[in-house]
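Step one of this worksheet: look at the structure below.
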Amino acid sequence: MTLLAGVAPPRTDDATVKDALRQFITTQLLMQPNMALGDDEELLLSGLVDSLGAVRLINFVESDLRVQVPPEDVVIEHFQSINAIAAYLSQRQQAT
Amino acid sequence: MSTLHLLSHILDRSADRFPDKDAVRFNGQALTYAEWATRANALASALIAQGVRRGERVGIYLNKSLESAVTIYGIWKAGAAYVPLDPQSPPARLKFAIADCGMRHIVTSPVKAAALDELATGTPLECAIGTNDSSPMLRCMPWDEVYALGGATPSVFVMEQDLAYVMYTSGSTGTPKGLMHTHHSGLSYAQLSADLYGVTDSDRLSNHSPLHFDMSTFDFFSGPLRGATTVIIPEAYTKLPASLSKLIQDERLTIWYSVTTALVQLLLRGVLQSRDLSALRWILYGGEPFHPRQLRELMMLVPSARVSNVYGPAEVNQCTYYHVPDLPNDFDESIPIGHVWDNSEGLLLDEHDNEAAHGEIGELVVRTPTMMRGYWDRPDLNARAFYRRPVFGDYEDVFYRTGDLMRRDADGNLRFCGRKDRQIKTRGYRVELDEVESALAVHRDVDECAVFTIPDDEGSTLIHAAVILKPGASTNEATLKSEVAVRIPPYAVPVAIALMDDFPRTGTGKIDRRALREQTINTRTVAGATVQML
């Protein structure tokens, strides 16, 4: 997802965001680039992404996807699956 | 009524007294005491059927779940000792522990199955319970087959001095060392801590620590001893303070026990003012100092809770406590670690092993029933850790040397004044800087290296490193970090590695770590660099 690696466009469509997340999670966090990761797959409570991975995931959203996440939003509901993160991001983008 | 002399008896008793009460909870699911005992018995039967014998070391390689609780007691009921393996640690480091203690069996889950082949390569590991993914190197048995074995209590002879658990911790020679605790030391700790904090069957305890952290023994031993409910907190929550505070509220936790860092994170990012934490009656913290200003803020936000600073190396479980009084607004002194437990004796010794004069700094040595048996297969370390000394007349006993330097206040409270060696705490994790240095030093591109700590902005410290590369070597910080991460746990990997042409040196040519440290702090300030927190 070189598209998003540099300067991300301010708004991105849902599918692009999900692909970027999937790519980051499978290649950077899980080191399994060929893994088929579903949009609804449980990431955090299953232990698939460990606690340090959770921090890297939030950092990725903030620095690469350029979305500021306030402390009260750093909750499991917003980060538990690719769909959950995408839904949260679109909610944030509409709010700002 | 059977006697209470083994840690496994804790569960048997509470299953008798409180069969239908929630014993452990995880992510909305629960096990009653009766269900917990049934499952632990089934696991014990499975382990015995797979060849586990009395005194063997059985690994726990699981993300947190209800099975964490089942596994601890199931391993004991098979007559074996549990060895918690950090599910986030690099497999190479775990293989050391597996080989070191001769582990043949491991209890795990499908989500960790991908690493099993590597763990089994070159180690005695031969059997994995809890996963179906057949590894060609291991006999595997999934959980549903385990639970199908039913809940009859296996008959195994075990006694109080038998091994109950082995926890691996950072070692200064570059490899971890295994602390051996017996049923006696574990049960003494469970009974005394349950009494000290008045744990009852109406309490709801947090389990914040991972199993390979000694703090988890309070959650899994002391709580069940009194029929309390232990709420196992998923690992991911430890990095999501706003979710963590909501869990404390929704689960109506009454006793919280964690490293200081976790509470500081809750204070800074946990939106505590919007949560109802009024069920909390006691907050226990330890591992690192709590900044008094932050501690006062926490006490104001959670007025229902008493707060205690607890201290004790994993080698002795806990051994001191300090019940924090109301802190005046202008209070800015460090918080003492308090008094040695009523069942224990603590002495401060000078470098000649004489008792330090009142008000002088000395090394704390402790004599306590909660003390470990020793380090697994390390006679060299045991010779240094244990110290025989007359107690009265000709009667002598063994004390554990903590390596922690302390001073006693006029009112008798102990204050921590530093370490005798290079062991540090970073965000609650105990790390030997020598282990990190060893991991860097063996890297093919590294000629010389130095590891040191720098305070972060949240009351803890972070590990930094500086290296001089071998002539002709070309690598970069990111590569070095990822390569050193194969040898040491994630929390021990330096947050920054500076590549340098030379180090500041003392007159004798030794690396001047103090100057290096100051240089690094100044560089960071000048560059305006910030370190990503959390």
Side-chain angles (χ1 to χ4, degrees), chain A residues 5-6 21 24-38 40-85 87-89 91-92 95, chain B residues 26-29 61-65 67-68 86-91 108-115 208 210 232-247 250 262 265-275 427 429 482 485-486 489-493 531-534:
Chain A
L21 287 164
F24 174 75
I25 294 166
T26 53
T27 61
Q28 301 292 312
L29 296 184
L30 305 179
M31 307 291 183
Q32 296 177 50
N34 299 323
M35 179 187 185
L37 180 67
D40 272 321
E41 204 149 334
E42 168 57 60
L43 301 173
L44 300 177
L45 293 171
S46 63
L48 192 63
V49 172
D50 64 23
S51 61
L52 293 165
V55 176
R56 292 179 61 197
L57 185 57
I58 296 160
N59 286 345
F60 174 78
V61 165
E62 292 206 308
S63 57
D64 288 63
L65 302 185
R66 305 292 177 96
V67 178
Q68 198 65 39
V69 185
E72 63 271 21
D73 284 1
V74 182
V75 290
I76 202 108
E77 293 78 7
H78 294 155
F79 291 92
Q80 59 192 355
S81 66
I82 290 177
N83 272 343
I85 304 170
Y88 169 67
L89 293 182
Q91 172 202 322
R92 282 288 294 167
Chain B
F26 174 83
N27 191 28
Q29 308 159 285
Y61 186 50
L62 284 171
N63 291 307
K64 289 229 198 127
S65 63
E67 269 70 38
S68 311
D86 178 359
Q88 300 193 16
S89 221
T108 184
S109 68
V111 81
K112 303 306 291 180
H208 181 271
I232 301 171
I233 299 171
E235 280 99 345
Y237 277 67
T238 62
K239 303 294 180 190
L240 305 168
S243 278
L244 193 52
S245 63
K246 186 163 184 302
L247 180 146
D250 295 349
Q265 289 302 320
L266 277 171
L267 197 57
L268 296 177
R269 303 186 175 86
V271 290
L272 292 184
Q273 58 285 354
S274 64
R275 304 283 190 237
R427 306 277 166 86
Y429 293 95
S482 67
V486 176
Y491 53 80
V493 176
V531 179
Q532 184 59 47
M533 308 316 294
L534 274 175

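A, B, ... follow the sequence lines: proteins, then strands. Residue 1 opens every chain.
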Problem set entry | side-chain contact (heavy atoms from CB on, under 4.5 Å) between A:Val69 and A:Tyr88, intermediate numbers included | CA-CA 10 Å; A:Val69 185; A:Tyr88 169 67; 3.6 Å; yes
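Most heavy-atom pairs under 4.5 Å with chain B: of the set A:Gly53, A:Gly47, A:Pro70, this distinction falls to A:Gly47. Contact tally against chain A (heavy-atom pairs below 4.5 Å) for B:Lys64, B:Gln88, B:Glu235: the top residue is B:Gln88. The greatest number of non-hydrogen atom pairs below 4.5 Å with chain B, out of A:Val49, A:Leu44, A:Asp50, is found for A:Asp50.
Judged as a side-chain contact (heavy atoms from CB on, under 4.5 Å), and not counting sequence neighbours, the contacts of B:Ala262 are B:His208, B:Ser258, B:Val259. Contacts of A:Asp40 classified as side-chain contact (heavy atoms from CB on, under 4.5 Å), with partners at least two apart in sequence or in another chain: A:Ser81, A:Asn83.
For NZ of B:Lys246, the number of neighbouring non-hydrogen atoms (other residues, nucleotides, ligands) closer than 6.0 Å is 12 at most.
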